[in-house]
Amino acid sequence: MPKATRFEVVSHDDEPLILVDGEDRQIGTLDKASCHDGDGRLHRAFSLFVFNADGDTLLQQRHPDKRLWPGFWSNACCSHPRRGEALPQAVVRRADEELGLAVVPEFLFKFQYQAAFADVGSEFELCSVFVSHGSWQPRINTAEIADWRWISPEDLDREIDAWPAVFTPWFKIEWQRLTSEFSARIRPP
């Protein structure tokens, strides 16, 4: 099965991210690069988990040019909303830009985390987690994603246990919560 591709960088270091407080109230904006410097600045973000009709989830391997966690495996899509953009709208936009998928996002939960990547920078996000179900064939944007694959939840659990260092920190937190608190919502409808 060929993997259709597109080649367009859609994420830039100078794009303004939405700074928030711990209650998700907007307190300003700051460019993406500065948000990820040092210990990071708390900003609004989202993660999307995509499930197919077999119950498999889509993983992406982050592009080697990504500043933070290049080459690591993560959930289908994660990014940031733009100013004035509602989170579900941002999820739909980014799923199309990165994966070529028309998703219907379902919000599950929100959490705050901070993680440093060596001395390169940090993620410090208030992240809303969404799921979407469907029968798709991704059209991957290879300027943003190095590789992708479908995997069953059981096989993913085994891989995370065996090789936790190859997965992004936010993905491991989200997957644990998805499978422990929202297992009924990640199964195909």
Side-chain angles (χ1 to χ4, degrees), residues 10-11 15 17-20 22 24 26 32 35-36 40-52 55-63 66-82 85-117 121-134 136 138 140-141 144-153 156-157 159-160 164 166-187:
V10 294
S11 179
E15 68 182 88
L17 302 188
I18 300 168
L19 299 176
V20 294
D24 201 14
Q26 183 172 340
K32 181 177 155 183
C35 282
H36 294 128
R41 295 282 304 273
L42 185 60
H43 57 278
R44 190 173 291 153
F46 65 84
S47 280
L48 171 66
F49 286 78
V50 170
F51 294 90
N52 67 18
D56 298 334
T57 191
L58 180 65
L59 297 185
Q60 70 151 280
Q61 185 179 34
R62 292 170 58 80
H63 196 277
K66 296 282 186 188
R67 176 180 174 191
L68 302 176
W69 289 276
F72 284 66
W73 287 93
S74 201
N75 51 293
C77 181
C78 45
S79 190
H80 313 94
R82 295 177 175 158
E85 184 178 45
L87 276 166
Q89 180 184 8
V91 173
V92 169
R93 172 183 53 80
R94 193 58 179 224
D96 178 57
E97 291 172 344
E98 283 194 20
L99 306 167
L101 300 180
V103 300
V104 178
E106 175 188 357
F107 173 78
L108 292 186
F109 64 92
K110 185 186 308 186
F111 76 109
Q112 182 177 313
Y113 77 97
Q114 188 171 21
F117 183 66
S122 298
E123 285 288 7
F124 189 20
E125 296 184 332
L126 187 58
C127 187
S128 293
V129 178
F130 294 82
V131 296
S132 190
H133 298 86
W136 300 297
I140 300 300
N141 181 342
E144 292 287 342
I145 297 172
D147 201 1
W148 65 277
R149 61 191 169 116
W150 292 105
I151 187 169
S152 73
L156 180 54
D157 286 339
E159 285 192 21
I160 291 172
V166 304
F167 296 97
T168 61
W170 61 89
F171 171 70
K172 291 181 284 190
I173 294 167
E174 294 164 355
W175 183 250
Q176 190 280 325
R177 191 157 173 200
L178 275 172
T179 56
S180 65
E181 296 178 40
F182 299 96
S183 60
R185 307 264 300 276
I186 64 174
R187 288 178 177 46

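Bear in mind that the values here come from a model prediction, so they are computed numbers and not experimental data.
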For this session: Could you please spell out the steps behind the side-chain contact (heavy atoms from CB on, under 4.5 Å) verdict for Phe49 and Leu178?
Result: CA-CA 10 Å; Phe49 286 78; Leu178 275 172; 3.5 Å; yes
For this session: Mind running side-chain contact (heavy atoms from CB on, under 4.5 Å) on Leu156 and Phe167 for me, showing each step along the way?
Result: CA-CA 11 Å; Leu156 180 54; Phe167 296 97; 3.9 Å; yes
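- The minimum heavy-atom distance linking Ser152 with Asp56 is given by the pair CA-OD1, 3.3 Å.
- In this structure, Phe111 and Tyr113 have parallel ring planes: the angle between them is below the 30° cut-off, well short of the 60° mark.
- The backbone N or O of Ser180 sits nowhere less than 3.5 Å from a side-chain atom of Ser183 that would complete a donor-acceptor pair.
- Looking only at side-chain heavy atoms (C-beta outward), Cys127 and Glu174 come within less than 4.5 Å of each other.
- Here the options are Asn52, Leu48, Leu101, the test is side chain to side chain contact (heavy atoms under 4.5 Å, CB included), and the partner is Leu58; only Leu101 passes.
- By the ring-ring contact (aromatic ring centres under 6.0 Å, His included) test, Phe51 is found to be paired with His133, residues two or more places apart in sequence or in another chain being considered.
- Rounded to the nearest 0.5 angstrom, Cys35 SG and His43 NE2 are separated by 5.5 Å.
- In terms of heavy atoms, Thr168 sits closest to Ser74 at OG1-OG, 2.8 Å.
- A pairwise comparison of heavy atoms in Val91 and Pro105 identifies CG1-CB, 3.7 Å as the closest pair.
- Note that the NZ atom of Lys110 and the OG atom of Ser128 stand 4.5 Å from one another [nearest 0.5 Å].
- A donor-acceptor pair under 3.5 Å is formed between the side chain of Arg62 and the backbone N or O of Trp69.
- Taking every heavy atom of both residues into account, Gly55 and Pro153 meet most closely at O-CD, 3.3 Å.
- Here the straight-line distance linking atom CH2 of Trp170 with atom SG of Cys78 works out to 5.0 Å at 0.5 Å rounding.
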Problem set entry | side-chain contact (heavy atoms from CB on, under 4.5 Å) evaluation trace for Val131 with Phe182 | CA-CA 10 Å; Val131 296; Phe182 299 96; over 6 Å; no
Exercise. Should Trp175 and Asn75 be marked as a side chain to side chain donor-acceptor pair (under 3.5 Å) after you check the CA-CA gap, both sets of side-chain angles, and the distance that decides it?
Worked result: CA-CA 9 Å; Trp175 183 250; Asn75 51 293; over 6 Å; no
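- Closest non-hydrogen pair, Gly121 versus Leu68, comes out as C-CD2, 3.7 Å.
- Looking at Asp147, its side chain never comes within 3.5 Å of a backbone N or O of Gln61 through a donor-acceptor pair.
- The cationic atom of Arg94 (NZ for Lys, CZ for Arg) does not lie both less than 6.0 Å from the six-membered ring centre of Phe46 and within 45° of the ring axis.
- Checked by atom type and distance alone, the side chain of Ser132 pairs as donor or acceptor with a backbone atom of Val104 at under 3.5 Å.
- Here SG of Cys77 is found 10.5 Å from CG of Asn141. Values are rounded to the nearest 0.5 Å.
- Here Trp148 contributes atom CH2 and Glu98 contributes atom CD; the two are 14.0 Å apart, rounded to the nearest 0.5 Å.
- The side-chain hydrogen bond (donor to acceptor under 3.5 Å, both in side chains) with Glu125 is formed by just one residue from the set Gln112, His80, Arg41; it is His80.
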Problem set entry | Evaluation steps, side-chain contact (heavy atoms from CB on, under 4.5 Å), between His36 and Phe117 | CA-CA 10 Å; His36 294 128; Phe117 183 66; over 6 Å; no
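- Arg185 has its side chain within reach of Glu106: a pair of non-hydrogen atoms, C-beta onward, lies under 4.5 Å apart.
- Annotation: the span from Leu126 atom CG to Ile18 atom CD1 amounts to 11.5 Å, rounded to 0.5 Å.
- Annotation: side chain to side chain contact (heavy atoms under 4.5 Å, CB included) contacts of Glu85 (sequence neighbours excluded): Pro81, Arg82, Gln89, Ala90, Arg93.
- Of the possible donor and acceptor atoms, one in the side chain of Thr57 sits under 3.5 Å from a partner among the backbone N and O of Val50.
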